[in-house]
There are 2 protein chains.
Amino acid sequence: MNTPVVPFGKPRGERADAVRNRERLLETARAMITEHGPGKVTMDGLAERAELGKGTVFRRFGSRAGIFRALLDDDERRFQEQVLSGPPPLGPGADAEQRLIAYGRARIPFLLDHHAIARAAMDHTQPASEDGVGMTQPHIRMLLGQAGLLVPLPLLDSLAVQLTAALEAPLLLYLSMDEAPGPSGSAHLLSESWQVLVERVMRG
Amino acid sequence: MNTPVVPFGKPRGERADAVRNRERLLETARAMITEHGPGKVTMDGLAERAELGKGTVFRRFGSRAGIFRALLDDDERRFQEQVLSGPPPLGPGADAEQRLIAYGRARIPFLLDHHAIARAAMDHTQPASEDGVGMTQPHIRMLLGQAGLLVPLPLLDSLAVQLTAALEAPLLLYLSMDEAPGPSGSAHLLSESWQVLVERVMRG
DNA sequence: ATGCTAAGCGGGGTAAAGTCCGTTTATGCT
DNA sequence: AGCATAAACGGACTTTACCCCGCTTAGCAT
């Protein structure tokens, strides 16, 4: 008759030392990234600087890419909150077209800010499902569904895939990324053409 | 007064043994890929099986990704010929919209066939300009230009980038890729939604 | 033919990702 | 407190991409 409170409260919570070490590793990784860039973050170096074993690093994050994914997750979650419950047109309340445009306009600077880490978080040894498919595709799919496009249903899925690619892939793999921000930068152009893309897809 | 023929004929052509070894390496790589998949092709294994030194492999191809790029180049060139001088609507002769649609419908099965090698050919240690940006983006850009869209000129560039991403990225990074071909496969769906995408972008 | 030279060759060496398994320790129970 | 146990830890080990540099050889000129 024990464990009276919390009937199913995680029977085996994460151990305290594990939590401490994970945070320490993330903090150390962030420091190494701001000092020398993501390319210089090695598993050995990270473990040594955090004064932990290499085995621990892999236990926590699974792979090198996993570290960067974990680093992104924080900011990604904040971004997602804006989308799910922030003010319109990014959050709910605007119509689907406006939300799609707003999503791209917010997402592009986000990826621009994080593109070094986001690139490092890609793991092309895995098929592709595991890594950061993320929230963009489901969100776009949902908005396409709400818009009532005059296309067969299964096409909505592949349209969502392709629009996701149009939005994210340029910053992940096609662009060199070495320019100052500004209205002439490619970020601004991509935002503009994203809007054109969305407007034309929605008004078929 | 010698070298009478060929005034500027490549003063230093590729050496015969180098040519022989390159072809031998490509052949061996192809064999290893069909036997065990691209993931199992290691530089040591390739060198040993081709009975050459590891240094030779790197001299010829620069990196692991370089091998797969070289392997793709053959087929890529054949594909490009169809686009540049084949029959319409893929080749010249049809209007821009028809050519864009035809390009995607031809490109998707091509990438599907080669996706294992294409993925292996991506090198995400380099910024992104070096590797396979390829011919798709310029071709799409050209067709967009011909179509006379009612958008500011610089937007044509970023639209081309985004349409390229919409066409190629799904097969390079978002799709898991383990299904039988057929009208229900994602290849067919992607072709259909590519057509929708193009039609709506062109008819603004 | 023969010698010169630049290109090609080869394999040992380094660095970094990822694995394994014996050791240590936090946590819950008595 | 003392114990049992599952989880966490750590670092040696393996694998693989990529570098380096002395040796060999093709291609050319005499």
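Letters A, B, ... mirror the listed sequences (proteins, then strands); counts begin at 1.
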Could you check how far NZ of B:K54 sits from C1' of C:dG13, rounded to whole Å? 9 Å
Minimum side-chain heavy-atom gap A:L189-B:D157 below 4.5 Å: no
Tell me every residue that passes side-chain contact (heavy atoms from CB on, under 4.5 Å) with B:T28, counting only those two or more places apart in sequence or in another chain. B:R24, B:M32, B:L46, B:R49, B:A50
So, are A:D75 and A:R78 salt-bridged, with charged N and O less than 4.0 Å apart? yes
Ignoring hydrogens and geometry beyond distance, is a side-chain donor-acceptor pair present between B:Q80 and B:E76 at under 3.5 Å? no
Side chain of A:R60: nearest nucleotide among D:dA8, C:dC9, D:dC18? D:dA8
Under 3.5 Å donor-acceptor pairs involving side-chain atoms of residues 36-43 of chain A, not counting sequence neighbours:
unit_1 : atom_1 : unit_2 : atom_2 : d
A:T42  : OG1    : A:G45  : N      : 2.9

Which one, D:dA8, D:dA26, C:dC9, comes nearest to the side chain of A:D17? D:dA8
How far does the helix from C:dA1-D:dT30 to C:dT30-D:dA1 bend, going by the axes of its first and last five pairs, to the nearest 10°? 10°
Heavy-atom side-chain contact between A:F68 and A:R119 under 4.5 Å: no
Under a 3.5 Å distance rule, please check whether A:R99 uses its side chain to pair with a backbone N or O of A:V83 as donor and acceptor. yes
Could you check which residues of residues 18-30 of chain A get a heavy atom under 4.0 Å from DNA chain D? Sort them by number, please. A:A18, A:N21
Which nucleotide in the set D:dG10, C:dG12, C:dG8 lies at the smallest distance from any side-chain heavy atom of A:T56? D:dG10
Under the ring-ring contact (aromatic ring centres under 6.0 Å, His included) rule, what pairs show up with a residue in residues 79-109 of chain A, not counting sequence neighbours? A:F79-A:Y103, A:F79-A:F110, A:Y103-A:H139
In whole Å, I'd like the distance from the CZ atom of B:F58 to the P atom of C:dG8. 17 Å
Using a heavy-atom distance cut-off of less than 4.0 Å, which residues of residues 33-53 of chain B contact DNA chain C? B:L52, B:G53
Minimum side-chain heavy-atom gap B:Q137-B:R141 below 4.5 Å: no
In whole Å, I'd like the distance from the CZ atom of B:R59 to the C1' atom of C:dG11. 13 Å
Rounded to whole angstroms, how far apart are CD on B:E14 and C1' on C:dA6? 15 Å
What is the nucleic acid contact for B:R15, judged by heavy atoms within less than 4.0 Å: base, sugar-phosphate only, or nothing? base
Any side-chain heavy-atom pair from B:L149 and A:R200 closer than 4.5 angstrom? yes
Side-chain contact, heavy-atom cut-off 4.5 Å: A:L100 with A:L144? yes
